[in-house]
Amino acid sequence: MPRLTFHGAAETVTGSKYLLEADGAAVLFDCGLFQGLKELRLKNWAPLSFDAQSVRACVLTHAHIDHIGFLPRFVKQGFRGPTYCTPATEDLAEIMLLDSAKIQEGDAEYANRKGFSKHHPALPLYDADDAVRALRQLKSVRRDEWFQAAGPIWCRYHDAGHLLGSAMIEVEIRSGAKPLRILFSGDVGRYDAPLYHDPCPPPACDYLICESTYATREHPPVNLLDELCEAVTEAMRRGGVMLVPAFAVGRSQQLIYLLRVLIHQGRLPELPIYVDSPMAVDATQVFCAHSEDHDLSEGQLTGVDCVLDGRNVHLARTANESRAINAVGGPAVIIASSGMMTGGRILHHLKQRLASERNTIMLAGFMAEGTRGRLLENGADRLRIHGGDVPVRAAITKLAGMSGHAGHSELLRWLSPLAAPKKTFLTHGEKASALALADELRMTRSWNTCVPKLGESFELVDA
Ligand SMILES: [Zn+2]
(Lines give C-alpha, C1' and ligand atoms only; values in the text may rest on other atoms or scores of the structure.)
Protein backbone atom coordinates (compact mmCIF):
# COMPACT_ATOMS: atom_id res chain seq x y z
CA MET A 1 0.00 0.00 0.00
CA PRO A 2 1.32 3.50 -0.80
CA ARG A 3 2.78 5.30 2.19
CA LEU A 4 3.38 8.99 2.94
CA THR A 5 5.82 10.15 5.63
CA PHE A 6 6.32 13.70 6.87
CA HIS A 7 10.02 14.41 7.34
CA GLY A 8 9.66 18.20 7.62
CA ALA A 9 7.25 21.15 7.70
CA ALA A 10 5.21 19.14 10.22
CA GLU A 11 3.88 21.46 12.96
CA THR A 12 6.36 24.03 11.68
CA VAL A 13 6.89 26.24 8.61
CA THR A 14 10.24 25.07 7.28
CA GLY A 15 12.07 21.92 6.21
CA SER A 16 9.43 20.63 3.74
CA LYS A 17 10.17 16.95 2.97
CA TYR A 18 7.44 14.46 2.20
CA LEU A 19 8.39 10.90 1.26
CA LEU A 20 5.95 8.99 -0.91
CA GLU A 21 6.49 5.28 -1.39
CA ALA A 22 4.57 3.01 -3.73
CA ASP A 23 5.40 -0.44 -5.19
CA GLY A 24 8.99 -0.20 -3.98
CA ALA A 25 9.60 3.26 -5.52
CA ALA A 26 10.34 6.18 -3.18
CA VAL A 27 10.01 9.83 -4.25
CA LEU A 28 10.76 12.84 -2.05
CA PHE A 29 8.50 15.87 -2.52
CA ASP A 30 10.50 19.01 -1.69
CA CYS A 31 13.83 18.86 0.07
CA GLY A 32 13.80 21.90 2.31
CA LEU A 33 16.09 23.24 4.96
CA PHE A 34 14.86 23.82 8.52
CA GLN A 35 15.29 27.51 9.31
CA GLY A 36 14.73 29.87 12.23
CA LEU A 37 15.23 28.77 15.84
CA LYS A 38 18.38 26.85 16.72
CA GLU A 39 16.33 23.83 17.78
CA LEU A 40 14.97 23.65 14.24
CA ARG A 41 18.27 24.33 12.49
CA LEU A 42 19.88 21.45 14.41
CA LYS A 43 17.48 19.08 12.65
CA ASN A 44 19.42 19.74 9.43
CA TRP A 45 22.36 17.94 11.05
CA ALA A 46 20.44 14.94 12.39
CA PRO A 47 20.75 11.69 10.40
CA LEU A 48 17.78 11.12 8.12
CA SER A 49 15.40 8.40 9.18
CA PHE A 50 15.36 7.09 5.60
CA ASP A 51 18.10 6.12 3.20
CA ALA A 52 18.97 8.89 0.72
CA GLN A 53 20.36 6.30 -1.72
CA SER A 54 17.05 4.45 -1.87
CA VAL A 55 15.12 7.54 -3.01
CA ARG A 56 14.62 7.34 -6.78
CA ALA A 57 13.65 10.97 -7.47
CA CYS A 58 12.94 14.33 -5.91
CA VAL A 59 10.11 16.62 -7.05
CA LEU A 60 10.29 20.30 -6.05
CA THR A 61 7.46 22.83 -5.75
CA HIS A 62 9.52 26.05 -5.86
CA ALA A 63 12.93 27.57 -5.22
CA HIS A 64 12.61 28.92 -1.67
CA ILE A 65 15.26 27.52 0.66
CA ASP A 66 12.73 25.95 3.03
CA HIS A 67 11.73 23.79 0.02
CA ILE A 68 15.07 23.09 -1.72
CA GLY A 69 17.83 24.06 0.73
CA PHE A 70 18.53 20.53 1.97
CA LEU A 71 19.26 19.18 -1.53
CA PRO A 72 23.07 19.58 -1.43
CA ARG A 73 23.17 17.74 1.89
CA PHE A 74 20.84 15.07 0.51
CA VAL A 75 23.12 14.54 -2.49
CA LYS A 76 26.10 14.41 -0.14
CA GLN A 77 24.28 11.63 1.70
CA GLY A 78 23.96 9.57 -1.46
CA PHE A 79 20.86 10.71 -3.36
CA ARG A 80 21.60 10.15 -7.06
CA GLY A 81 18.21 10.44 -8.73
CA PRO A 82 16.82 13.22 -10.89
CA THR A 83 15.34 16.29 -9.14
CA TYR A 84 12.33 17.56 -11.07
CA CYS A 85 11.30 21.22 -11.08
CA THR A 86 9.86 23.83 -13.45
CA PRO A 87 12.28 25.68 -15.81
CA ALA A 88 12.16 28.92 -13.78
CA THR A 89 12.70 27.00 -10.54
CA GLU A 90 15.78 25.40 -12.08
CA ASP A 91 17.28 28.85 -12.80
CA LEU A 92 16.32 30.33 -9.43
CA ALA A 93 17.60 27.23 -7.60
CA GLU A 94 21.11 27.95 -8.87
CA ILE A 95 21.05 31.41 -7.27
CA MET A 96 19.43 30.19 -4.08
CA LEU A 97 21.59 27.09 -3.46
CA LEU A 98 24.90 28.81 -4.19
CA ASP A 99 23.92 31.61 -1.80
CA SER A 100 22.83 29.07 0.81
CA ALA A 101 26.18 27.26 0.49
CA LYS A 102 27.95 30.57 1.06
CA ILE A 103 25.92 31.12 4.23
CA GLN A 104 26.71 27.58 5.46
CA GLU A 105 30.42 28.10 4.78
CA GLY A 106 30.26 31.49 6.52
CA ASP A 107 28.59 29.97 9.59
CA ALA A 108 31.28 27.29 9.87
CA GLU A 109 34.05 29.84 9.41
CA TYR A 110 32.50 32.04 12.12
CA ALA A 111 32.20 29.10 14.53
CA ASN A 112 35.88 28.28 13.95
CA ARG A 113 36.94 31.87 14.50
CA LYS A 114 34.95 32.18 17.71
CA GLY A 115 35.77 28.60 18.78
CA PHE A 116 32.24 27.81 19.94
CA SER A 117 31.67 24.63 17.96
CA LYS A 118 31.91 21.19 19.57
CA HIS A 119 33.59 20.00 16.39
CA HIS A 120 37.13 20.96 15.40
CA PRO A 121 37.18 22.23 12.84
CA ALA A 122 33.48 23.06 12.44
CA LEU A 123 32.34 21.95 8.98
CA PRO A 124 29.61 23.54 6.88
CA LEU A 125 26.35 21.63 6.38
CA TYR A 126 27.40 21.76 2.74
CA ASP A 127 29.64 23.85 0.54
CA ALA A 128 29.54 25.33 -2.97
CA ASP A 129 30.81 22.07 -4.56
CA ASP A 130 27.96 20.15 -2.94
CA ALA A 131 25.49 22.75 -4.22
CA VAL A 132 26.89 22.46 -7.76
CA ARG A 133 26.56 18.65 -7.62
CA ALA A 134 22.92 18.98 -6.49
CA LEU A 135 22.22 21.49 -9.27
CA ARG A 136 23.52 19.02 -11.88
CA GLN A 137 20.73 16.61 -10.91
CA LEU A 138 17.97 19.14 -11.67
CA LYS A 139 15.69 18.24 -14.54
CA SER A 140 13.12 20.78 -15.64
CA VAL A 141 9.58 19.91 -16.69
CA ARG A 142 6.99 22.36 -17.96
CA ARG A 143 3.73 22.87 -16.13
CA ASP A 144 0.65 20.88 -17.26
CA GLU A 145 2.69 17.91 -18.58
CA TRP A 146 2.57 14.52 -16.88
CA PHE A 147 5.94 12.97 -16.10
CA GLN A 148 6.92 9.71 -14.47
CA ALA A 149 8.93 10.50 -11.31
CA ALA A 150 9.60 6.83 -10.45
CA GLY A 151 7.77 3.49 -10.67
CA PRO A 152 4.01 4.08 -10.58
CA ILE A 153 4.38 7.68 -9.32
CA TRP A 154 3.39 10.22 -11.98
CA CYS A 155 3.34 14.01 -11.47
CA ARG A 156 2.02 17.16 -13.10
CA TYR A 157 2.78 20.77 -12.17
CA HIS A 158 0.21 23.58 -11.91
CA ASP A 159 0.92 27.25 -11.21
CA ALA A 160 0.82 28.10 -7.49
CA GLY A 161 1.29 31.86 -7.96
CA HIS A 162 3.72 32.16 -5.05
CA LEU A 163 7.08 32.79 -6.74
CA LEU A 164 8.39 32.71 -10.29
CA GLY A 165 8.25 29.03 -11.31
CA SER A 166 6.26 27.96 -8.25
CA ALA A 167 3.93 25.03 -8.59
CA MET A 168 1.59 22.69 -6.83
CA ILE A 169 2.05 19.01 -7.68
CA GLU A 170 -0.75 16.73 -8.80
CA VAL A 171 0.31 13.11 -8.28
CA GLU A 172 -1.16 9.89 -9.57
CA ILE A 173 -0.08 6.48 -8.35
CA ARG A 174 -0.89 4.36 -11.38
CA SER A 175 -0.84 0.83 -10.10
CA GLY A 176 -4.42 -0.10 -9.30
CA ALA A 177 -7.44 -0.17 -11.57
CA LYS A 178 -7.98 3.52 -10.83
CA PRO A 179 -5.11 5.89 -10.06
CA LEU A 180 -4.72 7.11 -6.48
CA ARG A 181 -4.60 10.91 -6.61
CA ILE A 182 -2.55 13.08 -4.25
CA LEU A 183 -2.11 16.85 -4.30
CA PHE A 184 0.80 18.72 -2.74
CA SER A 185 -0.20 22.39 -2.51
CA GLY A 186 3.37 23.67 -2.11
CA ASP A 187 3.12 27.29 -0.97
CA VAL A 188 -0.14 28.80 -2.19
CA GLY A 189 0.29 32.32 -3.56
CA ARG A 190 -2.03 35.28 -3.37
CA TYR A 191 -4.76 36.38 -5.72
CA ASP A 192 -3.86 39.52 -7.73
CA ALA A 193 -0.19 39.44 -6.64
CA PRO A 194 2.06 41.59 -8.85
CA LEU A 195 3.97 39.60 -11.52
CA TYR A 196 2.48 36.24 -10.52
CA HIS A 197 -0.62 34.51 -11.83
CA ASP A 198 -3.39 33.56 -9.44
CA PRO A 199 -2.96 30.07 -7.99
CA CYS A 200 -4.60 27.44 -10.25
CA PRO A 201 -7.72 25.81 -8.85
CA PRO A 202 -6.74 22.58 -7.07
CA PRO A 203 -7.31 19.42 -9.16
CA ALA A 204 -9.47 16.73 -7.57
CA CYS A 205 -7.59 14.40 -5.23
CA ASP A 206 -7.96 11.52 -2.79
CA TYR A 207 -5.34 12.95 -0.42
CA LEU A 208 -4.39 16.59 0.01
CA ILE A 209 -1.26 17.99 1.64
CA CYS A 210 -1.99 21.67 2.17
CA GLU A 211 0.15 24.48 3.57
CA SER A 212 -1.19 26.59 6.46
CA THR A 213 1.40 29.39 6.91
CA TYR A 214 -1.16 32.21 7.15
CA ALA A 215 -4.18 30.08 8.10
CA THR A 216 -4.94 32.27 11.12
CA ARG A 217 -3.97 35.62 9.57
CA GLU A 218 -5.62 37.92 7.10
CA HIS A 219 -3.87 40.31 4.71
CA PRO A 220 -5.25 43.87 4.72
CA PRO A 221 -7.39 44.55 1.64
CA VAL A 222 -5.25 47.27 0.08
CA ASN A 223 -4.50 48.36 -3.46
CA LEU A 224 -0.74 47.90 -3.69
CA LEU A 225 -0.28 50.38 -6.55
CA ASP A 226 -2.13 53.15 -4.67
CA GLU A 227 -0.27 52.39 -1.46
CA LEU A 228 3.12 52.41 -3.15
CA CYS A 229 2.33 55.55 -5.16
CA GLU A 230 1.38 57.41 -2.00
CA ALA A 231 4.52 56.29 -0.15
CA VAL A 232 6.88 57.29 -2.97
CA THR A 233 5.12 60.62 -3.52
CA GLU A 234 5.49 61.43 0.17
CA ALA A 235 9.17 60.39 0.08
CA MET A 236 9.73 62.72 -2.90
CA ARG A 237 8.05 65.56 -1.02
CA ARG A 238 10.63 65.11 1.75
CA GLY A 239 13.33 65.65 -0.86
CA GLY A 240 15.57 62.67 -0.14
CA VAL A 241 15.81 59.06 -1.32
CA MET A 242 13.63 56.10 -0.48
CA LEU A 243 15.42 53.01 0.80
CA VAL A 244 13.64 49.69 0.49
CA PRO A 245 15.10 46.65 2.23
CA ALA A 246 13.78 43.73 0.19
CA PHE A 247 14.39 40.04 -0.35
CA ALA A 248 16.64 39.64 -3.37
CA VAL A 249 14.48 37.02 -5.07
CA GLY A 250 10.83 37.83 -5.62
CA ARG A 251 10.07 40.90 -3.55
CA SER A 252 12.67 43.09 -5.30
CA GLN A 253 11.29 42.20 -8.74
CA GLN A 254 7.68 42.81 -7.70
CA LEU A 255 8.68 46.27 -6.45
CA ILE A 256 10.54 47.14 -9.66
CA TYR A 257 7.51 46.10 -11.69
CA LEU A 258 5.04 48.13 -9.61
CA LEU A 259 7.29 51.22 -9.69
CA ARG A 260 7.65 50.94 -13.45
CA VAL A 261 3.88 50.65 -13.87
CA LEU A 262 3.36 53.82 -11.79
CA ILE A 263 5.95 55.66 -13.90
CA HIS A 264 4.42 54.33 -17.13
CA GLN A 265 0.97 55.48 -16.02
CA GLY A 266 2.35 58.95 -15.27
CA ARG A 267 1.50 58.67 -11.59
CA LEU A 268 5.20 58.96 -10.69
CA PRO A 269 7.91 60.88 -12.57
CA GLU A 270 10.84 59.02 -14.24
CA LEU A 271 12.77 58.58 -11.01
CA PRO A 272 15.79 56.28 -10.94
CA ILE A 273 15.43 52.84 -9.34
CA TYR A 274 18.64 51.28 -8.02
CA VAL A 275 18.82 47.56 -7.30
CA ASP A 276 21.87 47.04 -5.12
CA SER A 277 22.47 43.32 -4.59
CA PRO A 278 24.32 40.84 -6.84
CA MET A 279 21.76 38.18 -5.95
CA ALA A 280 18.83 40.48 -6.80
CA VAL A 281 20.51 41.39 -10.09
CA ASP A 282 20.92 37.70 -10.99
CA ALA A 283 17.34 36.98 -9.95
CA THR A 284 16.05 39.93 -12.00
CA GLN A 285 17.75 38.43 -15.06
CA VAL A 286 16.10 35.06 -14.38
CA PHE A 287 12.73 36.79 -14.04
CA CYS A 288 13.29 38.50 -17.40
CA ALA A 289 14.25 35.20 -19.04
CA HIS A 290 10.92 33.72 -17.95
CA SER A 291 8.58 36.49 -18.95
CA GLU A 292 6.09 33.80 -20.06
CA ASP A 293 5.45 33.35 -16.34
CA HIS A 294 4.61 37.01 -15.68
CA ASP A 295 1.10 38.20 -14.95
CA LEU A 296 0.98 41.88 -15.83
CA SER A 297 -2.54 42.69 -14.72
CA GLU A 298 -1.39 45.73 -12.74
CA GLY A 299 -0.31 47.33 -15.99
CA GLN A 300 1.25 46.38 -19.33
CA LEU A 301 4.46 48.18 -20.28
CA THR A 302 4.68 48.59 -24.00
CA GLY A 303 7.86 48.75 -26.05
CA VAL A 304 10.13 46.98 -23.57
CA ASP A 305 11.81 43.57 -23.68
CA CYS A 306 11.24 42.96 -20.02
CA VAL A 307 9.06 44.77 -17.51
CA LEU A 308 11.98 44.81 -15.06
CA ASP A 309 14.37 46.41 -17.47
CA GLY A 310 14.02 50.09 -18.27
CA ARG A 311 16.27 53.08 -18.75
CA ASN A 312 15.54 54.20 -15.18
CA VAL A 313 16.39 50.79 -13.64
CA HIS A 314 20.04 50.53 -12.54
CA LEU A 315 21.38 47.14 -11.48
CA ALA A 316 24.43 47.30 -9.20
CA ARG A 317 26.45 44.11 -9.09
CA THR A 318 29.98 45.19 -8.21
CA ALA A 319 31.16 46.91 -5.02
CA ASN A 320 32.11 49.99 -7.08
CA GLU A 321 28.64 50.20 -8.61
CA SER A 322 27.22 49.91 -5.10
CA ARG A 323 29.46 52.67 -3.72
CA ALA A 324 28.52 54.99 -6.56
CA ILE A 325 24.93 54.98 -5.27
CA ASN A 326 26.13 56.89 -2.20
CA ALA A 327 26.41 60.00 -4.35
CA VAL A 328 22.79 59.80 -5.51
CA GLY A 329 20.54 62.55 -4.21
CA GLY A 330 16.75 62.42 -4.36
CA PRO A 331 14.41 61.58 -5.74
CA ALA A 332 15.41 57.94 -6.13
CA VAL A 333 14.44 54.50 -4.89
CA ILE A 334 17.19 52.17 -3.69
CA ILE A 335 16.24 48.52 -3.28
CA ALA A 336 18.80 46.41 -1.41
CA SER A 337 18.87 43.25 0.66
CA SER A 338 18.63 41.75 3.16
CA GLY A 339 14.89 42.16 3.55
CA MET A 340 14.91 42.43 7.35
CA MET A 341 18.20 44.37 7.47
CA THR A 342 20.12 41.59 9.21
CA GLY A 343 23.06 41.97 6.81
CA GLY A 344 23.99 42.78 3.24
CA ARG A 345 24.41 46.04 1.36
CA ILE A 346 21.29 47.63 2.86
CA LEU A 347 23.36 48.26 6.00
CA HIS A 348 25.75 50.61 4.16
CA HIS A 349 22.83 52.57 2.79
CA LEU A 350 21.17 52.77 6.19
CA LYS A 351 24.42 54.04 7.69
CA GLN A 352 24.55 56.72 5.04
CA ARG A 353 20.85 57.72 4.90
CA LEU A 354 19.17 56.93 8.20
CA ALA A 355 20.28 60.08 10.02
CA SER A 356 18.67 62.51 7.56
CA GLU A 357 15.03 63.47 7.85
CA ARG A 358 14.92 64.03 4.10
CA ASN A 359 15.10 60.25 3.51
CA THR A 360 12.48 57.53 3.83
CA ILE A 361 12.84 53.86 4.74
CA MET A 362 10.01 51.72 3.41
CA LEU A 363 9.42 48.36 5.12
CA ALA A 364 7.93 46.04 2.52
CA GLY A 365 7.13 42.81 4.28
CA PHE A 366 7.20 40.84 7.49
CA MET A 367 9.94 41.83 9.97
CA ALA A 368 10.89 39.04 12.39
CA GLU A 369 11.57 39.63 16.04
CA GLY A 370 15.16 40.54 16.85
CA THR A 371 15.87 42.10 13.43
CA ARG A 372 16.69 45.76 12.67
CA GLY A 373 13.53 45.76 10.56
CA ARG A 374 11.40 45.01 13.61
CA LEU A 375 13.24 47.68 15.63
CA LEU A 376 12.48 50.31 12.99
CA GLU A 377 8.89 49.12 12.78
CA ASN A 378 8.60 49.59 16.55
CA GLY A 379 9.91 53.16 16.34
CA ALA A 380 13.53 52.73 17.50
CA ASP A 381 15.34 56.11 17.67
CA ARG A 382 18.75 54.59 16.90
CA LEU A 383 20.04 51.50 15.13
CA ARG A 384 23.27 49.59 15.76
CA ILE A 385 25.11 49.13 12.45
CA HIS A 386 28.65 47.75 12.09
CA GLY A 387 29.40 48.40 15.75
CA GLY A 388 28.19 52.02 15.82
CA ASP A 389 24.87 53.69 16.67
CA VAL A 390 23.08 55.57 13.90
CA PRO A 391 20.24 57.94 14.88
CA VAL A 392 16.93 57.33 13.12
CA ARG A 393 15.73 60.62 11.65
CA ALA A 394 14.47 59.32 8.32
CA ALA A 395 10.74 58.72 7.92
CA ILE A 396 9.74 55.07 8.40
CA THR A 397 6.85 53.86 6.31
CA LYS A 398 5.31 50.46 5.66
CA LEU A 399 3.92 48.84 2.54
CA ALA A 400 1.27 46.57 4.05
CA GLY A 401 0.13 44.65 1.00
CA MET A 402 3.26 42.60 0.26
CA SER A 403 3.23 38.91 1.17
CA GLY A 404 3.90 35.74 -0.79
CA HIS A 405 1.43 33.50 1.03
CA ALA A 406 -2.32 33.28 0.70
CA GLY A 407 -3.97 34.68 3.83
CA HIS A 408 -6.77 32.88 5.66
CA SER A 409 -9.65 33.77 3.33
CA GLU A 410 -7.46 33.31 0.23
CA LEU A 411 -6.57 29.76 1.36
CA LEU A 412 -10.28 29.01 1.81
CA ARG A 413 -10.99 30.55 -1.60
CA TRP A 414 -8.34 28.32 -3.15
CA LEU A 415 -9.78 25.22 -1.45
CA SER A 416 -13.41 26.10 -2.20
CA PRO A 417 -13.84 24.22 -5.54
CA LEU A 418 -12.37 21.01 -4.12
CA ALA A 419 -14.63 18.06 -3.21
CA ALA A 420 -13.72 16.48 0.14
CA PRO A 421 -10.53 14.41 -0.17
CA LYS A 422 -10.34 11.14 1.80
CA LYS A 423 -7.95 12.93 4.11
CA THR A 424 -6.35 16.37 4.24
CA PHE A 425 -2.97 16.89 5.92
CA LEU A 426 -2.23 20.43 7.11
CA THR A 427 1.48 21.20 7.02
CA HIS A 428 3.91 24.13 6.61
CA GLY A 429 2.42 26.23 9.41
CA GLU A 430 3.04 26.76 13.11
CA LYS A 431 1.16 24.12 15.10
CA ALA A 432 -1.64 26.51 16.14
CA SER A 433 -2.11 27.67 12.57
CA ALA A 434 -2.25 24.13 11.12
CA LEU A 435 -4.67 23.00 13.87
CA ALA A 436 -6.94 26.01 13.30
CA LEU A 437 -7.28 25.23 9.58
CA ALA A 438 -7.78 21.52 10.33
CA ASP A 439 -10.62 22.40 12.74
CA GLU A 440 -12.19 24.89 10.36
CA LEU A 441 -12.27 22.45 7.42
CA ARG A 442 -13.67 19.73 9.69
CA MET A 443 -16.38 21.98 11.13
CA THR A 444 -17.45 23.89 8.02
CA ARG A 445 -16.93 21.25 5.32
CA SER A 446 -16.91 17.98 7.29
CA TRP A 447 -13.46 17.16 5.91
CA ASN A 448 -11.33 14.46 7.45
CA THR A 449 -8.26 16.48 8.53
CA CYS A 450 -5.01 15.78 10.30
CA VAL A 451 -1.96 17.74 11.45
CA PRO A 452 0.88 15.23 11.07
CA LYS A 453 3.81 15.13 13.47
CA LEU A 454 7.41 15.12 12.36
CA GLY A 455 8.31 11.60 11.20
CA GLU A 456 4.67 10.44 11.22
CA SER A 457 3.72 8.01 8.48
CA PHE A 458 0.36 7.18 6.89
CA GLU A 459 -0.85 4.40 4.63
CA LEU A 460 -2.82 5.77 1.71
CA VAL A 461 -5.76 3.58 0.91
CA ASP A 462 -6.21 2.82 -2.78
CA ALA A 463 -9.16 4.32 -4.57
ZN1 LIG B 1 7.82 29.67 -0.48
Less than 4.5 Å apart, any side-chain heavy atom of [X] and any of [Y]?
{"X": "L243", "Y": "L354", "value": "no"}
{"X": "F34", "Y": "L454", "value": "yes"}
{"X": "Q300", "Y": "V307", "value": "no"}
{"X": "L255", "Y": "L399", "value": "yes"}
{"X": "Y214", "Y": "E410", "value": "no"}
{"X": "V55", "Y": "F74", "value": "yes"}
{"X": "C210", "Y": "W414", "value": "yes"}
{"X": "M1", "Y": "L460", "value": "no"}

Would you say the side-chain atoms of [X] pair up with the backbone N or O of [Y], donor to acceptor, closer than 3.5 Å?
{"X": "T14", "Y": "D66", "value": "no"}
{"X": "E170", "Y": "H158", "value": "no"}
{"X": "R41", "Y": "G36", "value": "yes"}
{"X": "Y126", "Y": "F70", "value": "no"}
{"X": "S185", "Y": "E211", "value": "yes"}
{"X": "T233", "Y": "C229", "value": "yes"}
{"X": "T424", "Y": "L208", "value": "no"}
{"X": "Q253", "Y": "A248", "value": "yes"}
{"X": "H428", "Y": "T213", "value": "no"}
{"X": "D293", "Y": "Y196", "value": "no"}

Is the [atom1] atom of [X] crowded by more than 12 outside heavy atoms at less than 6.0 Å?
{"X": "E270", "atom1": "CD", "answer": "yes"}
{"X": "E357", "atom1": "CD", "answer": "no"}
{"X": "E94", "atom1": "CD", "answer": "no"}
{"X": "E39", "atom1": "CD", "answer": "no"}
{"X": "R142", "atom1": "CZ", "answer": "no"}
{"X": "K139", "atom1": "NZ", "answer": "no"}

[X] versus [Y], closest heavy-atom pair with distance:
{"X": "Q148", "Y": "G151", "result": "NE2-O, 2.7 Å"}
{"X": "A364", "Y": "M402", "result": "O-CB, 3.9 Å"}
{"X": "L92", "Y": "A63", "result": "CB-CB, 3.7 Å"}
{"X": "T397", "Y": "A231", "result": "OG1-CB, 4.4 Å"}
{"X": "M236", "Y": "P331", "result": "CG-CB, 3.5 Å"}
{"X": "P245", "Y": "M362", "result": "CD-O, 3.1 Å"}

Exercise: do [X] and [Y] side chains pair donor with acceptor under 3.5 Å:
{"X": "D187", "Y": "H64", "value": "no"}
{"X": "S457", "Y": "R3", "value": "yes"}
{"X": "T427", "Y": "Y18", "value": "yes"}
{"X": "E292", "Y": "H290", "value": "yes"}

Approximate separation, where rounding is to 0.5 Å, of [X] [atom1] and [Y] [atom2]:
{"X": "L163", "Y": "H405", "atom1": "CG", "atom2": "NE2", "result": "10.0 Å"}
{"X": "S212", "Y": "L435", "atom1": "OG", "atom2": "CG", "result": "8.5 Å"}
{"X": "R345", "Y": "I334", "atom1": "CZ", "atom2": "CD1", "result": "12.5 Å"}
{"X": "E440", "Y": "L426", "atom1": "CD", "atom2": "CG", "result": "10.0 Å"}
{"X": "D276", "Y": "I346", "atom1": "CG", "atom2": "CD1", "result": "8.5 Å"}
{"X": "I169", "Y": "H62", "atom1": "CD1", "atom2": "NE2", "result": "10.5 Å"}

Report the C-alpha separation of N44 and R73 in whole Å, then their side-chain angles, then the decisive distance to 0.1 Å, and conclude whether the side chain to side chain contact (heavy atoms under 4.5 Å, CB included) test is met.
-> CA-CA 9 Å; N44 295 320; R73 182 83 178 171; over 6 Å; no
Decide side chain to side chain contact (heavy atoms under 4.5 Å, CB included) for M168 and V188; before the verdict, give the C-alpha distance in whole Å, the side-chain angles of both, and the deciding distance to 0.1 Å.
-> CA-CA 8 Å; M168 56 192 87; V188 181; 5.9 Å; no
Quick check, are the ring centers of F458 and F425 under 6.0 angstrom apart?
-> yes
Checking side chain to side chain contact (heavy atoms under 4.5 Å, CB included) for the pair L97/I65: CA distance, chi angles, key distance, verdict?
-> CA-CA 8 Å; L97 288 183; I65 285 300; 4.2 Å; yes
Shorter than 2.5 angstrom, is that how the SG atoms of C58 and C31 come out?
-> no
Going through the checks in order, is the side chain to side chain contact (heavy atoms under 4.5 Å, CB included) test met by M341 and L363?
-> CA-CA 10 Å; M341 292 166 260; L363 307 176; 3.4 Å; yes
How would you list all residue pairs meeting salt bridge (Lys or Arg N to Asp or Glu O under 4.0 Å) that involve residues 255-267, not counting sequence neighbours?
-> D226-R267
